[in-house]
Structure formats: C-alpha cells, structure tokens
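The figures that follow rest on heavy atoms only: side chains count, while hydrogens, waters and symmetry mates do not. Note on naming: letters A, B, ... go to the chains in the order of the sequence lines (proteins, then strands), and numbering restarts at 1 for each one.
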Amino acid sequence: MGNAITLTIDGREVTVQEGTMVIEAAKKLGIEIPYYCYHPLLKSVGCCRVCLVEVEGIPKLQTSCTLEVKNGMVVRTNTPLVQKRRKGVIGFLLANHPLDCPVCDQGGECDLQNFSHRYGPAVAKFKEHKRTFQKYYIGPLVEREMNRCILCKRCVRFYDEYGGETTLGEFNRAAETDIRTFYKTEFNPGFSGNTIFLCPVGALTDKVYRFKARVWDMKFITSVCPGCGTGCSIRLWSRNNRILRITPDRNNNCSNNSNHGILNNFLCDRGQFDFEYLSSGERVRTPMIKQNDGFIPVTYEKAMDMIVFRLKKSIAESGPDSVGGIISSASTCEEIYLFKKLFKDCIGSPNVDFRSRFSDSGQVNAILDESAEYSDLPGSGGVFVLGTNILHQQPVLGLYLRNRAKRKGSTLLLAEPYKTGMEDCASLSVCYRPGTEAYLLYGLILCMLNPENREDLSRIEGFEEFRNSFKEITMEAVEQTTGVTKETMEKVSSLLLDKEGWTIIIDGEKESLLFSAHNLGMALNNVQKGRVKSKVLPVFSQPNHRGAMKLMPESCNARKIIDAALSGKLKFLYLLGSDPVSEFLDRKKMGAVLKNVEFIVAQDVFLTEAAQYASIVLPGKAPHAKQGSFICSGGLTRELQEGIKEGMESEWKTITRLAERLGYSMRYDIIDDLRNEMLSVLQKKDSCREKFLPVRIFEKPGKFPFVLVEGKNMFARDKFISRCGAIKFFFKPGVCISPSDAEKSGLMDGDAVTVFNNLGELKVMVSTMKDVQPGYAVMTDDIACPLNILKDSEEGFVEVDIRKE
Amino acid sequence: MSEKIVLKYADVPEQKNIGTYMKNGGYKALPRALSEYKPDEIIQLVDKSGLRGRGGAGFPTGKKWGFIPKTSPKPKYLVCNADEGEPGTFKDRAIIEGDPHLLIEGMAISSYAIGAHKAYIYIRGEFAMGADILVSAINQAREAGFLGKNVLGSGLDIDIDVFRGAGAYICGEETALLDSLEGRRGMPRLKPPFPVVVGLYASPTMINNVETLANIPRIIDNGAEWFAGIGTPHSTGTKIFCISGDVNKPGVYETPMGISFKELLKMADGIKDGKKLKAFFPGGSSTPILTDAHLNIEMDFESLKKAGSMLGSGAVIVLNEDRCMVKTAARLVKFYRDESCGKCSPCREGTDWLAKVYKRIMDNKGRDGDIDLLLSISHDIYGTTFCPLGDAATMPVVSSIKYFRKEYEEHINGKCNHTDN
Ligand SMILES: Cc1cc2nc3c(=O)[nH]c(=O)nc-3n(C[C@H](O)[C@H](O)[C@H](O)COP(=O)(O)O)c2cc1C
Ligand code: SF4
Ligand code: SF4
Ligand code: SF4
Ligand code: FES
C-alpha cells in the first residue's frame with residue numbers, strides 16, 4: 001500500500017493514501033465537490049469538468065477527480081473563480097438538456113438536478129434551439145433517452161472496464177455525440193442493469209420500473225440477493241408493500257465486507273430483476289390440504305393439527321426413523337438450524353438433509369473451514385478458475401475477477417471445458433475435455449514433480465495413496481484423456497509455481513473437484529513454502545450452500561431418505577423449500593419415490609412439482625420478504641431483511657410451533673434469540689489436517705455417442721425466474737453440439753431433436769458452436785429442460801444420444 | 001533574400017528521389033550521427049541548438065527528448081505529427097511533397113537519439129499524394145540501407161511506417177493522435193501520464209512535428225552553434241510561414257525567426273488589389289487576431305506572446321479592410337464546433353452554443369446582450385476544457401470582439417456594410 005500523504009483542503013488538513021484523488025480526499029473531510037463523470041468504481045477520465053478546484057501554484061483550475069494528492073498541496077474548492085466556472089460548466093450541461101424532469105424516472109436521484117440546484121446558474125442564459133436525438137430500442141431492461149445524456153461516459157466505461165465485449169460506444173462527434181450500442185444491437189443482458197444506477201441522469205433508466213413511482217414515494221430496505229452464492233447487498237425499493245425495483249446497496253459498509261468491493265458495488269441482471277415472482281398469482285398464500293386431485297385452503301390450526309397427528313402416528317407406529325425432512329440450500333441458516341434440530345433432537349430421526357445431489361464425506365466441512373474468503377482475493381497472487389462458468393454461476397464475482405484482471409493487471413488462470421467469455425482477460429486459459437478435471441490436476445502435479453518438490457510432497461500424508469490411485473496413468477494418458485498437451489500443462493504449472501497464494505475457484509457442489517482443488521492448493525503450499533497460502537474458494541448456485549454445509553456437516557442421508565421412501569419405510573416427509581422432483585437426480589425415480597410416502601408436507605413459495613405429491617402444503621415466505629441469514633460462498637454471514645411484509649408465517653416459526661406441539665421446547669420470540677444459539681455452531685471450526693484426499697476417477701461408459709456437459713446460465717429458469725416477466729425469456733433451452741457432429745447427424749441449427757438415454761428423453765432445439773468439442777453435448781438445466789431426466793449421478797460421465805424429430 | 005534551411009532544396013525537381021537528395025548533400029547526417037555521436041550527445045546537441053517544436057506550442061525539442069525514460073523495459077516510439085489540420089497551415093505539406101527524405105533522415109536520427117526502433121508518420125488523410133510520396137521515399141531509403149534492419153551496419157533497426165488519418169482536426173493533438181494510431185476513436189487522453197512515458201501502446205513515445213524533425217539533419221550537418229545563430233536568442237533557426245488570405249502571393253515562405261510581419265507581408269507581395277490591411281492571424285486560426293497596429297511585430301515565439309497572441313503553426317491569415325470580422329469569427333467558431341471531439345462538456349456544449357449565437361447574428365436575428373453572451377460563454381470555456389481545442393475556439397471570438405466590437409454592434413443592429421457578406 002502507498003504512503004500517507006497530507007494536504008490541505010479549504011484550510012483543513014487531511015491525510016490520505018498515496019494515489020488518492022483530491023475529490024476523494026475532500027470527501028473524507030466532508031467537503032462536497034460536485035461530479036458527473038467521476039465514479040469511485042471507474043477510472044477517472046476528467047471529461048465533465050464540473051469538479052474544478054484551485055490549487056496553489058498551478059495557474060489553471062484543476063479537475064479534482066484526476067488530480068492526485070501530493071504532500072503539502074493546498075486546494076481550495078469554493079473560491080469565487082471555482083464557483084463561477086463551475087456554474088459555467090453546469091450551465092453548459094443544462095443548455096441542451098430537455099429539462100423534462102416531471103416525467104423523468106431519475107427525478108429525485110438525479111445528479112444534474114441536485115448539483116444544478118446547489119451549484120448551478122440561477123437563470124438559464126441558453127435561449128437557442130435544443131438538440132434532439134433519435135430514440136431506439138436497446139433492449140428489454142434499459143431505456144435509452146439520449147436527449148438527457150450528459151456524456152459522462154460512465155456507461156461506456158463500465159463495459160470497457162468490467163464487461164467482456166465492447167457493448168456501448170460514443171458515436172458521431174461534437175454536440176452530436178451520442179451513446180449507442182454497436183450496430184444498433186441490443187444490450188446483452190447480463191450486467192446491463194448496472195448502467196442504470198451508474199448513469200447520473202435519466203438517460204439510461206430502468207424499463208421494469210418505468211413510470212411506476214417517484215423515488216420519494218418509495219422506501220427501501222437493505223437485504224441480500226438470494227440469486228446465487230455471491231451474496232450481493234441489495235436495496236429493495238417498495239411502495240404500498242410492493243417491490244418495484246432492486247438496486248445495489250452502494251452505501252452498505254455492514255460487517256466485514258467493505259474492503260474487497262465485491263458485495264456492494266454491482267449486481268447482475270438476474271439479481272436486479274428477479275422480484276416480479278413476488279406478486280405472482282401462483283403463490284401459495286395459505287395452508288392447503290389435498291382433496292381429490294386438488295388442494296383446498298385450510299386454516300393454519302387445522303393444517304398444524306393434521307401434521308402433528310400424522311407425525312405422532314408415524315413415530316408411534318414405525319419409530320422415529322420413519323420420518324424425515326429435506327430442506328433446500330436456498331433456505332436460511334436459521335431455518336436449516338431449526339430443521340435439523342427438529343428432526344435430530346426433537347424427533348430423534350437421522351433423516352434430515354439438504355443435499356439434492358448425493359455425495360458423502362466428512363471431509364468437506366474441514367475443507368470449507370480452511371477455504372478462502374472474499375477478503376483473501378485482493379491479496380492473492382493469482383486466481384485460478386477451474387471448471388466453473390463463473391460469470392453465470394456467481395456473476396458478480398466473475399465481474400469482479402474480470403475487472404481485476406483487465407484493469408489492475410492481476411493474474412487470472414482459466415481451465416474450462418468450454419469457452420465462458422472470461423478468456424480475453426486471462427493470463428492463460430486452457431480448454432480441457434469435460435469431466436476430466438481429476439486427470440488435469442493430476443497432470444499438473446506430475447509437472448511439478450522434480451526431485452526437490454517430490455520430497456516436499458512425499459512428506460504429506462496420503463500423497464502416495466493419491467499417486468497410487470493414478471498408478472497406471474502416465475502423462476501420455478493424461479494428455480489423451482484431457483486433450484491438453486504436456487507443454488500446456490507445464491506452462492500452467494510453472495505459472496502456478498511462479499506466483500504465491502492462489503485462490504482456486506471451483507464449483508463447490510462437485511465434491512471430487514473440491515478434493516482435487518484442495519490437493520492442488522496443498523501441493524503448491526508445500527512446494528512454495530511461501531508467506532501467503534493458496535486457498536480454495538468454492539462457488540455455489542444456491543445462496544446458502546456454504547451455510548447449509550456448515551450446519552449439516554454430517555455424512556449425508558438424502559440417499560438414505562430416498563431409499564427408505566422407495567422401500568416404503570418412510571411414512572412422513574417434510575419438504576421445506578426443496579423440490580426433489582426438479583432438483584434431485586433421476587427425475588422419473590423421484591416421482592415414484594414420493595408417491596410411496598404416506599404423508600408429505602411441502603412448504604414452499606409455489607406449488608412445486610413435489611408439492612403435487614403432498615397431503616398438505618404450507619406457504620413459504622419469499623426470500624425477498626423474509627428475515628434470516630445466508631453464508632455466502634465467500635464465507636461471510638449475510639443478513640436478509642423483509643423487503644415487504646407477507647402475511648404467511650415464517651418458516652422458522654412453523655418449525656418451532658411444530659416442535660412445541662411435539663412437546664419439545666423451542667421458544668424464540670424473535671429471530672435474534674435463535675441466532676445467538678446458532679452462532680456457536682457456525683463459529684466452530686474444524687481444522688483440516690494436511691492430507692491428500694483420494695480422488696475418484698471416472699471412466700466413460702461408452703454406451704451413447706455424446707457426453708453431456710452441463711452449462712450454466714444466470715437466466716436459466718427456476719421457480720422464481722420463470723415467474724419474472726422481465727427476464728424469463730432470456731434463456732432459451734437447447735442442446736449445443738459441435739458443427740462436425742451436427743453435420744454427421746444431418747442436423748442444422750434450430751432443428752427439433754430428442755436427447756435421450758436409458759433414463760429418459762428431452763425434446764429441445766439443437767444449435768451448433770465451434771467451441772464445443774466433438775462428442776460433447778452442452779445443455780443447461782432449466783424448467784423446460786430438466787437435466788435430471790437424463791442424469792442419475794452428479795460426477796463422472798452422463799452419456800446421451802440425439803435423434804432428429 | 002531569405003535564408004532557407006528546411007525548404008532549401010524543396011523546389012528542386014526530383015528532390016524526392018533519393019539520388020537527387022543525396023547529390024544535394026542528403027544522408028550525410030545520418031551516418032555521421034550514428035558513428036560520431038552517442039544518442040545522448042545528439043539530444044544535447046539539439047538542446048544546444050535551441051530548436052523549439054514547430055507544431056504549435058514551441059516546447060524546446062532537446063528538453064522534450066530528454067524526458068524519454070532511459071530504463072523503460074518497453075519499446076520506444078517516435079511519431080511524426082503530419083496531421084496539419086490547423087486552418088491556414090500548409091507548411092508540413094511543402095516539406096513532405098518537396099523533400100520527403102529530409103524528414104525521413106531527420107526521423108532516423110531522432111529515433112536513434114531517443115532509442116526508438118519503430119517510427120510512424122501520422123499523416124492527414126487528405127494528403128493522399130503526400131502519403132504516396134513518403135511511402136516510396138521510405139522504400140528507397142530502406143533499399144539504400146538508411147532504414148530497416150541494421151541501419152548502415154550500426155547494428156540498430158530503425159523503421160518508419162506511414163499511417164493516414166481519417167480527417168479529424170483533433171487527431172493533430174498528440175494524445176488523440178495516439179488513440180487514432182492505435183485504431184481507436186481519436187480523443188485526447190488524460191495527462192499525466194505524458195506520452196513520453198506512457199504513449200503509443202502504453203510505451204514511451206516522442207511526438208514531433210514534421211518541421212521540427214526536418215530541422216534535425218541540418219543541425220547535425222552544421223552544428224548547434226550555427227543553428228542557434230539564426231533567428232532570435234529564444235526562437236532559433238528559421239520558420240516556415242504559410243501565408244494565405246488577401247495577399248498577392250499566398251504561399252510558403254521560410255525565413256529566420258523574428259522577421260517582422262511587415263517584411264513577411266512584403267514577401268507575399270502585399271495586400272491584394274491595393275486594399276488596406278485590417279487584421280491577421282499570426283499563427284493559425286487558434287491564435288488571437290492582431291490588427292494593422294501590429295504591423296511591425298516580430299514573428300517569433302516571445303514577441304507574439306507579448307502581444308497577446310502566439311506563433312502557433314506559423315499560418316498567417318491576412319484579412320483586408322473589406323472583411324467582416326463577425327463573419328470571420330462565425331466561420332471559425334463553426335469549424336471548432338464541428339471539430340470538437342465531444343469529450344468534455346465546456347468545449348462540446350460551449351462551442352455549440354457559440355455557433356448557435358453566431359448563426360443567429362449572421363441571420364440578422366442578433367439580440368442585445370449577444371456580445372456579452374459570447375464573451376461569457378468564451379470565459380466559461382477558456383481554461384476549463386480537457387484539451388487546448390476548447391481554448392482555441394474562444395480565441396477568434398474574444399480577440400475579434402476586443403478589436404472590432406463595433407462591427408458586432410453593427411451586425412446586431414442590422415447594419416453590417418462589409419462587402420464580403
Ligand atoms: C487541437 C490541436 C491540434 C493540433 N494539431 C497539430 C497538427 O496538426 N500538427 C502538429 O504538428 N501539431 C499539432 N498540435 C500540437 C501537438 O499536440 C503537439 O504539441 C506537437 O505535435 C508536438 O510537436 P513539436 O514538439 O515538434 O511541436 C495540435 C494540438 C492541438 C491541441
Ligand atoms: S447515458 Fe448516462 S452514463 Fe452514459 S454517458 Fe450519458 S449520462 Fe453518462
Ligand atoms: S451475482 Fe448472485 S447475488 Fe449477486 S446480484 Fe447476481 S444473482 Fe444476486
Ligand atoms: S476541449 Fe474539445 S476537443 Fe478537447 S477534449 Fe474537450 S471536447 Fe474534445
Ligand atoms: S468529475 Fe471530474 S471532470 Fe468529471
């Protein structure tokens with residue numbers, strides 16, 4: 001970090017870090033300097049010229065957003081000359097501005113209004129004809145009104161500094177300059193919503209929020225986005241108990257997240273526009289019981305009586321093992337904690353889990369406790385993104401990494417089974433054959449094995465066993481399996497050895513990957529013996545996966561619960577936010593499993609597919625409307641707040657009432673009482689012994705010609721997105737194959753096909769992409785294309801065939 | 001007769017052929033520079049000669065070269081600014097078309113001095129012929145071993161490429177030029193960092209005007225003292241003036257610095273049609289207007305600065321008594337308004353506003369208070385813009401009002417009686 005610099009602004013001394021701009025130093029003193037083009041998240045450009053100040057010893061006025069502080073500098077921000085010129089500049093900006101404030105959505109939070117009011121000219125001297133621009137459509141989320149644009153270029157710079165492709169640019173010159181998408185294309189949804197808050201005026205506004213309210217008629221509450229494991233801070237803006245828009249929470253310095261700049265800067269378009277489901281007519285709003293083939297509403301009392309009756313009956317007749325519960329990793333920590341307590345302590349049943357994908361190991365938690373946190377990222381020597389489409393799995397984390405690599409020159413290493421759009425800013429990117437991660441990582445460790453390193457590694461427990469599991473596998477075999485040459489692997493491993501303190505980012509829902517990454521990090525730490533350790537940062541699609549793993553570390557039982565149900569031993573099943581039919585592997589089997597259970601309670605926001613099998617359905621509160629906490633992928637506790645009030649009972653209350661009715665004391669008046677108790681579990685840390693973990697190696701069965709590769713898309717529809725009109729059509733399900741495979745099978749882009757295997761089949765459209773390797777079929781899980789129809793195992797290879805319809 | 005340095009052989013037919021150029025003493029300086037001087041010694045020599053940049057600002061060239069960081073791991077570049085966009089300026093063109101090898105030799109020596117292996121000539125798009133001439137001259141020089149790999153056995157590679165601009169005045173500004181050269185929309189960059197440190201492709205880059213670079217071989221040939229002996233103490237050497245407007249013989253005239261305007265006018269054979277001098281731009285449209293009261297002014301950096309104007313690019317535009325100053329200013333304001341790159345608000349909006357007011361005045365719709373309005377807009381632009389183009393746009397406004405306020409009043413009152421309207 002830089003040295004401390006002391007300067008004087010308006011007669012007061014202030015000390016700041018070297019490299020700080022004068023405008024920021026002034027802010028520290030509480031001195032406001034107006035600005036338009038400057039934005040703390042973007043590089044300074046100095047183009048609006050409104051932030052002028054006088055500096056002793058410099059004859060010309062200086063723009064404080066581009067002026068670096070110097071020791072002994074004397075700055076004046078409010079001299080008559082500054083005031084005069086500032087007025088002039090604001091006058092220039094107002095000259096051609098339409099001043100249509102009464103119908104402008106920016107009204108009330110417009111910097112042009114605010115600064116003009118405070119610093120602008122009292123009378124408009126401009127009496128000429130105002131210029132106008134043509135309107136055109138730039139996409140479904142953002143409205144463009146160029147007449148209001150003040151050409152601060154924040155929107156353009158956002159895409160330059162954070163975006164992947166060049167999206168926006170300035171066209172024409174002089175007073176005719178305007179901001180457009182290239183070739184009048186549309187904004188690619190992904191991160192476009194950020195331009196709305198970056199735009200200081202009403203030139204880019206929110207289409208979903210358009211004309212819905214004035215900002216002063218709304219209130220906001222700070223919460224956390226439930227869209228993925230990133231855990232971004234959001235503001236939920238509501239009027240009359242209805243959420244109208246979501247913005248990033250730029251002022252949130254809560255807890256320990258203020259210094260790395262991931263959680264309160266930007267949002268992805270999913271997180272910003274995924275709230276319309278809240279008012280969907282399909283919401284479950286009261287308890288319901290099954291009658292004939294439908295559900296009829298009942299009171300909470302009646303529903304609770306029935307549940308308690310059946311629960312007691314099952315326990316009495318078949319023992320506590322005959323009841324079980326499955327919760328979702330989108331549930332809050334409080335819910336998960338109580339849910340587990342209900343089953344384990346109150347009922348005495350081992351049958352409780354959240355894992356939709358079967359995996360079992362007691363190691364995971366220890367690894368997680370040693371995992372990286374977001375705060376490790378700024379100090380890490382490099383980031384290695386391995387096998388995750390980060391821009392879609394945790395979009396804002398991806399955006400942060402891209403900006404760091406692009407703008408701050410940090411090292412980014414990519415290994416991925418298909419192109420993800422991060423390649424342009426990576427120091428090195430490698431494409432391997434999908435599903436061969438374990439081989440690739442073994443290959444990297446092989447590359448490191450010079451005599452000296454070998455000695456370091458052999459000392460680690462489990463290393464020989466680890467090697468033995470690859471015994472037969474030579475470097476050539478690794479090359480052949482992964483499709484990555486030895487030279488490339490050597491380049492990767494020497495880059496890895498070159499920098500210290502890697503953050504290895506992997507999909508935390510895949511256990512074998514987690515182990516492989518853990519092994520690699522440990523190998524690096526032992527060979528390098530550096531000051532900064534390499535760590536694994538698991539990423540998750542669900543907002544509270546890390547919390548759920550922490551709270552339910554036990555070797556999991558979901559498989560046992562399902563087996564018990566299938567064999568008829570399970571009599572009572574409580575599904576809280578979990579929908580095994582659409583989330584668990586082997587969809588067809590899941591239907592049969594649930595049919596077999598005598599009594600199912602499903603508590604959810606919507607009538608899910610699993611809920612169709614339920615005897616009783618309880619309403620669930622929407623994540624945007626409940627209290628609770630998540631542990632995000634970066635290990636931080638994130639607090640949810642009620643953006644609006646919903647009438648139904650909170651899930652955690654339901655659980656406590658149930659426990660009380662069973663005679664077990666679970667009395668918390670408010671959520672905080674419960675939180676204190678939970679904290680002791682959350683704070684307990686397992687330490688991970690230095691140990692190589694065994695890695696399972698999978699072989700291709702070779703029954704069907706294509707290997708299924710699971711893609712990610714932030715707009716792929718789940719129960720929430722499919723009910724958000726603004727974004728529900730962004731993702732188009734389909735299967736993507738290589739052009740050569742398409743030609744072989746006589747398929748063309750847009751053909752209707754059936755993708756099938758022994759488990760089931762899916763009818764979708766086919767598309768081709770040259771980045772897909774021959775022999776692979778890329779598909780993304782979506783409500784209209786549920787991949788669990790084709791899958792019965794999470795790891796290893798799932799094979800399919802494709803036939804033309 | 002005037003003493004010519006740069007344009008000495010520019011009128012010789014076939015001077016653009018390498019053979020003729022060499023017959024006239026060309027390509028002697030380069031081998032001498034390579035064999036007799038260390039790079040630093042050339043920089044010192046240029047510094048001692050007192051040569052100041054001919055692109056407009058008049059910054060001492062040797063001093064500027066000294067700013068190139070010696071230890072940067074990045075490649076260094078030399079860029080010749082041949083954009084020549086300033087209205088009234090056509091001096092660089094005379095060099096390029098008349099004696100291209102002089103520029104090339106100058107660039108080769110300068111590259112050696114600053115440690116560049118690659119140089120670019122950024123030439124105004126409209127100079128298609130000039131670009132062709134340069135390309136073939138460069139090819140000749142390369143064939144003869146003056147450019148390319150291992151120049152004259154020195155072990156150094158020095159090469160030059162020609163890049164044609166696409167017609168924006170702002171691309172003459174050095175940082176906008178670099179953006180354009182990199183294939184972007186040309187707009188000025190934030191300084192610091194200055195191009196000498198972070199320039200083309202983020203590497204140390206020296207940008208010099210054509211005329212500046214064409215002086216270099218002469219300094220090597222004849223020495224720094226010789227050069228410093230020409231002109232005035234602070235404006236050494238010669239200056240190429242391009243005289244246009246109401247004179248009998250518009251054209252390119254090279255004379256020692258410090259010649260009086262009166263004499264210069266004489267060289268151009270006086271005002272056309274026996275009319276009287278009314279005003280003149282001494283150094284291009286971006287320099288404040290002077291009037292017949294300044295007839296004896298010496299044409300060099302300091303004297304013009306003292307008179308409230310600038311030597312600029314040496315483009316002298318002469319206006320006779322019939323010229324309407326409001327129209328003149330209106331025309332130039334329109335130019336700046338159209339050429340504003342659009343980056344910063346005062347220039348983009350201010351020039352547009354000025355142009356709208358001028359248009360109104362020219363359409364006989366002037367209002368009371370318009371003169372003060374023009375002045376107040378100009379004051380709000382001046383000193384607040386990102387690059388000097390915005391300042392330049394105010395020059396014709398403020399200076400024409402200063403000397404010819406009455407004409408503005410007449411205009412607004414509908415009484416302009418200048419014959420050129
Ligand atoms: C708007 C603007 C236009 C300019 N146009 C030119 C030009 O056409 N040719 C030129 O040599 N310098 C031009 N300059 C000056 C250059 O920025 C730069 O100072 C010059 O090329 C440096 O060369 P010198 O040191 O040899 O004078 C321009 C400057 C501005 C602000
Ligand atoms: S659209 Fe908004 S953010 Fe973009 S340049 Fe215009 S005012 Fe700035
Ligand atoms: S990255 Fe995840 S948490 Fe952040 S806004 Fe997007 S969906 Fe929400
Ligand atoms: S002063 Fe004019 S030309 Fe220069 S940066 Fe500003 S808008 Fe562009
Ligand atoms: S805020 Fe400093 S120039 Fe725009």
>> Measuring from atom CZ of A/Phe126 to atom CG of B/Asp352, what distance do you get when rounded to the nearest 0.5 angstrom?
In response: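 It is 6.5 Å, given to the nearest 0.5 Å.
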>> Can you tell me how far apart CG (A/Leu52) and OG1 (B/Thr384) are? Round to the nearest 0.5 Å.
In response: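 If I round to the nearest 0.5 Å, the distance is 6.5 Å.
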Please say whether more than 12 non-hydrogen atoms of neighbouring residues, nucleotides or ligands are located less than 6.0 Å from [atom1] in [X].
| X | atom1 | result |
| --- | --- | --- |
| B/Lys365 | NZ | no |
| B/Tyr382 | OH | no |
| B/Asp368 | CG | no |
| A/Lys130 | NZ | yes |
| B/Lys306 | NZ | no |
| A/His39 | NE2 | yes |

What are the two closest non-hydrogen atoms of [X] and [Y], and how far apart are they?
| X | Y | value |
| --- | --- | --- |
| B/Phe386 | A/Arg49 | CD1-NH1, 3.4 Å |
| B/Ser345 | A/Phe92 | O-CB, 4.2 Å |
| B/Pro346 | A/Cys48 | CD-O, 4.2 Å |

Which atoms of [X] approach chain A - backbone, side chain, both or neither, heavy atom under 4.5 Å:
| X | answer |
| --- | --- |
| B/Arg367 | side chain |
| B/Arg348 | both |
| B/Ala355 | neither |
| B/Ser376 | side chain |

> Looking at side-chain heavy atoms only, is the closest gap between B/His379 and A/Lys84 below 4.5 Å?
Replying inline: no
> Under a 4.5 Å cut-off applied to non-hydrogen side-chain atoms, are A/Val89 and B/Asp380 in contact?
Replying inline: no
Heavy-atom cut-off 4.5 Å, strictly under: side chain, backbone, both or neither for [X] against chain B?
| X | value |
| --- | --- |
| A/Lys60 | side chain |
| A/Ala95 | side chain |
| A/Lys87 | neither |

> Thinking salt bridges, do B/Arg337 and A/Glu176 make one under a 4.0 Å N-O criterion?
Replying inline: yes
>> Assess whether a salt bridge exists between A/Arg131 and B/Glu349, defined as any Lys/Arg side-chain N lying under 4.0 Å from an Asp/Glu carboxylate O.
In response: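 Looking at A/Arg131 and B/Glu349, the cut-off is met.
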>> By the definition salt bridge (Lys or Arg N to Asp or Glu O under 4.0 Å), identify the one residue from B/Arg360, B/Lys359, B/Lys356 that meets it with A/Glu128.
In response: B/Arg360
>> Apply side chain to side chain contact (heavy atoms under 4.5 Å, CB included) to residues A/Arg173 and B/Arg185 and explain how you reach the verdict.
In response: CA-CA 10 Å; A/Arg173 275 198 296 183; B/Arg185 174 191 168 98; 4.2 Å; yes
> What residue in B/Val357, B/Thr385, B/Leu373 has the most heavy-atom pairs under 4.5 Å with chain A?
Replying inline: B/Thr385
>> Determine whether A/Val45 and B/Leu190 satisfy the following criterion, side chain to side chain contact (heavy atoms under 4.5 Å, CB included), listing intermediate values before the conclusion.
In response: CA-CA 7 Å; A/Val45 289; B/Leu190 193 64; over 6 Å; no
>> Under the criterion side chain to side chain contact (heavy atoms under 4.5 Å, CB included), I'd like the reasoning laid out for B/Lys343 against A/Glu170: C-alpha separation, chi angles, the key distance, then a yes or no.
In response: CA-CA 10 Å; B/Lys343 180 165 189 159; A/Glu170 330 156 65; 5.9 Å; no
